[in-house]
> 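My structure is below; once you've seen it, I'll send some questions.
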Amino acid sequence: MNRTLQFAKRNLIELSRDVLGYIFCIAFPILMLIVMSVVNESIPKEAGMMTFRIDNLSGGILIFGQTFVMLFTAILVATDRSTSFLLRLYASPMKSRDFTNGYMFPMILISIVQAIVLMLSSCVVAKISGVELKVGGLLLVILLSIPSAIMFLSIGLIFGSLLNEKSAPGVCSVIVSAGTFLGGVFFDAEGVGGPILKVCNCLPFLYCTRVARSTIQMDFHWETFGKSLLIVSLTAIAMAALAVLTFRSRMKADQ
Amino acid sequence: MKTARKELEKTTGENIKTGKTPVRYQEMWWTIESNLTEKNIIEKNIIEKNIIEKNIIEKNIIEKNIIEKNIIEKNIIEKNIIEKNVIEKNVIEKNVKKKDMEKKGMGKMKNMIVLENLSKNYGVKKAVDDINLTVKEGEMLSLLGVNGAGKSTTIKMLSCLTKPSGGTAKIDGRDVVKERDRVKEIVGISTQDTAIARNLTVEENLSFMAGIYLDPKAFDKKKREERVEEILRDFKLEEVRRTKSGKLSGGWQRRLSIAMAMIGNPKVLLLDEPTLGLDVLARRELWREIEKIKKNRTIILTTHYMEEAEALSDRIAIMIKGKIIMTGTLGELEEKTGQKGLENVFVSVVEGEEKHE
Ligand SMILES: Nc1ncnc2c1ncn2[C@@H]1O[C@H](COP(=O)(O)OP(=O)(O)O)[C@@H](O)[C@H]1O
Ligand SMILES: [Mg+2]
């Protein structure tokens with residue numbers, strides 16, 4: 001456990017020195033929160049377009065932000081694998097779980113900080129646009145967004161283990177776009193319906209946004225909240241297990 | 001005289017023919033002439049003075065140059081003497097150490113590293129081909145060979161970074177395949193490609209390694225910090241402790257890499273080409289560090305620099321195309337090949353091998 005924490009600390013230092021990390025994981029989601037709120041103001045009320053209203057938007061932006069945590073996990077792991085530093089650590093008494101947990105812990109921490117910052121920003125936006133946000137929902141979503149965070153960073157760990165440092169960012173950007181689109185962050189997937197909704201329902205991303213949105217609105221129905229949280233949690237567990245296996249097998253292959 | 005005549009013409013306003021100065025102007029002529037002569041003498045004197053001065057200055061410059069050259073030469077000679085002394089001291093120390101070991105019964109010393117029929121194949125390529133090697137406790141062995149000889153592959157097998165295709169390797173009686181975790185506890189490694197976390201400072205790199213290698217039961221946070229300070233001091237890394245390690249020069253990075261390998265005070269240290277790509281001064285500097293950490297430690301060092309193997313090691317193993325051809329002290333190798341100096345020994349061994357094929 002001590003070695004896991006030592007490695008986690010190293011990774012946290014490494015990430016904290018990357019300015020792009022702050023820009024993409026914190027600044028960019030806040031910017032989108034503001035931009036989409038402005039867009040929302042200009043949509044006529046009669047259109048009945050609710051996706052960008054802050055109580056819907058903040059949940060979507062939260063998931064949007066988490067996709068970037070995935071991207072940075074992939075970059076960190078892929079870059080490390082290309083260096084002799086990681087190879088040298090394979091000769092140390094570190095076990096493979098020290099590596100995988102050491103990558104995941106700081107990412108979970110970053111996701112939590114990200115959720116706190118985004119929810120505080122949402123409060124400010126809500127105040128300005130005169131929409132009421134429930135404090136309980138905002139606090140609760142910090143906790144209940146952890147499963148989706150684990151799912152995303154596990155996907156990042158998988159791509160970081162499989163791809164090299166050059167191709168990992170590219171492939172992950174595809175997931176960022178797909179996750180954001182098919183997760184219905186910037187459009188009303190339920191409203192659109194049809195084949196797009198069918199695809200969305202087959203992938204975990206829409207369930208992530210549903211959990212975040214319904215938690216913030218404190219709407220704890222089975223269909224919107226319970227079922228989605230269950231699906232997200234199970235996917236997170238499966239992805240985490242897959243990530244551990246992938247990293248372990250790559251660790252052997254890299255040697 | 002022409003000027004004197006022109007002068008006379010100017011003062012009298014008459015046209016005076018050459019050689020025929022009218023008597024009435026005779027006195028004036030003499031005055032003008034003597035004036036001119038004086039002026040000439042003075043001018044001549046000035047020119048002569050200038051020449052003399054110039055000569056003196058030039059002489060001074062030359063003398064200064066000679067003195068400077070002498071000083072430089074003296075410095076070079078002194079430096080050479082010092083270097084020679086250092087090398088001689090090393091040799092003497094080594095001899096003393098050897099004698100000590102012999103007295104203590106080096107023959108009875110424990111075998112720390114034992115390789116038996118160790119092989120590693122990459123596809124059809126035999127990177128390491130059936131090698132046998134024993135390194136005794138406290139001994140420093142140089143694995144000498146050109147690029148591609150199989151040195152790094154051997155080091156990787158010993159540090160559990162790659163699995164042998166055949167044979168066995170034991171470190172302090174622990175098998176590198178079956179007892180990986182127990183081997184990792186006692187082996188420190190500095191890989192050929194400098195393995196450091198480039199975004200972390202020197203101090204952070206060392207703290208991280210301390211956290212990985214030091215048993216938290218025996219070393220609490222304070223003791224770990226003390227150990228980091230100790231290593232920073234030992235390897236003279238204090239002045240760069242807060243520098244990001246990726247920004248250090250090659251020499252400093254190597255030094256950090258070895259310092260990181262030393263943090264757990266390992267019984268066995270594996271150094272893969274520690275001075276590769278360093279300039280002469282940085283190499284000498286690193287040799288001194290390696291000399292310091294030799295005490296009570298078993299070390300395998302790989303190198304393709306003859307003088308490095310000669311300067312640092314107790315014994316030398318010559319590796320060619322995956323095979324260890326000859327092992328022994330420099331003296332023993334010289335005796336076996338009938339050559340003087342490691343370079344000649346090495347060349348004769350390589351040529352002997354080529355004939356063999
Ligand atoms: N991972 C690998 N895959 C294939 N061939 C390798 C690998 N590592 C080393 N080799 C080959 O094995 C031989 C020995 O390499 P190495 O041990 O690195 O030599 P040295 O360290 O003495 O320069 C070389 O011919 C090299 O090309
Ligand atoms: Mg090598």
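Owing to the predicted nature of the structure, the values given are computational and were not obtained by experimental measurement.
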> Among the options B:Thr191, B:Asp181, B:Val183, B:Ile196, pick out the one with the most heavy-atom pairs lying under 4.5 Å from chain A.
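With the most close heavy-atom pairs to chain A, the winner is B:Ile196.
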
> Quick one: closest heavy-atom pair of B:Met260 and A:Arg88, and the distance?
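Scanning both residues, the minimum pair turns out to be O-NH2, 4.2 Å.
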
> Hey, is NZ on B:Lys217 packed in by over 12 heavy atoms from elsewhere, all under 6.0 Å?
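Not more than 12 within 6.0 Å, no.
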
> Counting only heavy atoms closer than 4.5 Å, note whether B:Ala210 contacts chain A via side chain, backbone, both or neither.
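No part of it gets close to chain A.
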
> Do you know which two heavy atoms are closest between A:Ala91 and B:Ser159, and how far apart they sit?
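What the structure gives for the nearest pair is CB-O, 3.5 Å.
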
> Nearest 0.5 angstrom please: A:Ser92 OG to B:Leu161 CG, how far?
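Interatomic distance, A:Ser92 OG to B:Leu161 CG, rounded to 0.5 Å: 9.5 Å.
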
> With heavy-atom distances below 4.5 Å as the criterion, would you say the side chains of B:Arg224 and A:Gln6 are in contact?
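They are in side-chain contact.
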
> Do you know which of B:Ala197, B:Ser190, B:Pro216, B:Ser207 has the most heavy-atom pairs under 4.5 Å to chain A?
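Going by pairs under 4.5 Å, I would pick B:Ala197.
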
> What distance separates B:Ile189 CD1 from A:Leu89 CG, expressed to the nearest 0.5 Å?
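Nearest 0.5 Å value for the CD1-CG distance: 11.0 Å.
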
> What do you reckon, is CZ of A:Phe186 surrounded by more than 12 foreign heavy atoms closer than 6.0 Å?
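Result for CZ/A:Phe186: enclosed.
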
> Using a heavy-atom cutoff of under 4.5 Å, enumerate the residues of residues 93-121 of chain A that contact chain B, numbered in order, or state 'none'.
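The residues closer than 4.5 Å to chain B, in numerical order, are A:Pro93, A:Met94, A:Lys95.
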
> Given side chain to side chain contact (heavy atoms under 4.5 Å, CB included), test B:Leu200 with A:Ile13 step by step and report yes or no.
CA-CA 7 Å; B:Leu200 264 56; A:Ile13 297 176; 3.9 Å; yes

> Would you indicate whether B:Asp215, at its atom CG, is surrounded by more than 12 heavy atoms from other residues, nucleotides or ligands within a distance under 6.0 Å?
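Above 12, so yes.
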
> For the CG atom of B:Asn199 and the OG atom of A:Ser16, what is their distance to the nearest 0.5 Å?
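So the gap between those two atoms works out to 9.0 Å.
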
> Do NZ/NE/NH1/NH2 and the carboxylate oxygens of B:Arg198 and A:Glu14 come within less than 4.0 Å?
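Here B:Arg198 does not pair with A:Glu14 in a salt bridge, since their nearest N and O are not under 4.0 Å apart.
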
> Hey, is NZ on B:Lys170 packed in by over 12 heavy atoms from elsewhere, all under 6.0 Å?
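Counting neighbours around NZ of B:Lys170, 12 or fewer heavy atoms of other residues, nucleotides or ligands fall under 6.0 Å, so no.
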
> Looking at B:Ile212, is its backbone amide N or carbonyl O close enough to the side chain of A:Arg3 to form a donor-acceptor pair, meaning the two atoms are under 3.5 Å apart?
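Indeed, once roles are kept as given, a pair shorter than 3.5 Å links the two residues.
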
> Would you say B:Lys244 and A:Arg17 make side-chain contact, with heavy atoms under 4.5 Å?
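Touching, per the 4.5 Å side-chain cut-off.
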
> Return the minimal non-hydrogen interatomic distance between B:Ala195 and A:Ser84, and the atom names on each side.
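In terms of heavy atoms, the two residues are closest at CB-O, 3.3 Å.
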
